[in-house]
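Read the structure below first, then the notes.
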Amino acid sequence: TGELELAEFDSKKKKVAYILKDFEGHPALCAFLEGYFKGIMELISKGKDISSEETDCVHEGGKYHRFELHW
């Protein structure tokens with residue numbers, strides 16, 4: 001379980017960022033979640049090229065997981 005928040009949305013910069021708090025899980029889930037969020041964006045963006053990155057991670061000393069997506 002955890003809490004997902006929209007951290008940033010900027011249509012001019014073509015960027016969206018989500019923060020996942022209170023979710024630790026196994027470190028392998030980080031890549032899974034990054035791909036999951038990217039897949040959702042690909043579905044709703046109708047074929048635009050999407051890139052994704054986990055910019056903060058609790059397994060690397062961060063306070064939460066932060067995923068940024070660009071189109």
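Source: prediction; values computed, not measured. Hydrogens, waters and symmetry mates play no part in the numbers below; they use all other heavy atoms, side chains included.
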Kindly write out the residues that satisfy salt bridge (Lys or Arg N to Asp or Glu O under 4.0 Å) with E53, not counting sequence neighbours, or none if the list is empty.
none
Applying side-chain contact (heavy atoms from CB on, under 4.5 Å), run through L6 and V16 and close with a yes or a no.
CA-CA 8 Å; L6 176 64; V16 64; 3.5 Å; yes
If I compare all heavy atoms of F67 with all of L33, which pair ends up nearest, and what's the gap?
CZ-CB, 3.8 Å
Results of side-chain contact (heavy atoms from CB on, under 4.5 Å) for K38 - residues two or more places apart only
E42, I50, S52, L69
The reported gap from OG1 in T55 to CD in E34 (rounded to nearest 0.5 angstrom) is 9.5 Å
Applying ring-ring contact (aromatic ring centres under 6.0 Å, His included) to H59 and not counting sequence neighbours gives H65
Across all chains, not counting sequence neighbours, the side-chain contact (heavy atoms from CB on, under 4.5 Å) partners of L4 are Y18, L20, F37
Excluding L43, membership of its hydrophobic cluster (Ile, Leu, Val, Met, Phe, Trp, Tyr; side-chain heavy atoms within less than 4.5 Å) reads none
So which heavy atom on W71 is nearest to which on K48, and how close?
CD1-CD, 3.9 Å
Under a single-linkage rule joining Ile, Leu, Val, Met, Phe, Trp and Tyr whose side-chain heavy atoms are separated by less than 4.5 Å, which residues share a cluster with I19?
Y64
Taking everything shown except D10 itself, do over 12 heavy atoms lie less than 6.0 Å from its CG?
yes
With a 6.0 Å cut-off (strictly less than), is the heavy-atom count around NZ of K14, excluding the residue itself, greater than 12?
no
R66 and its salt bridge (Lys or Arg N to Asp or Glu O under 4.0 Å) partner, picked from E5, E54, E8
E8
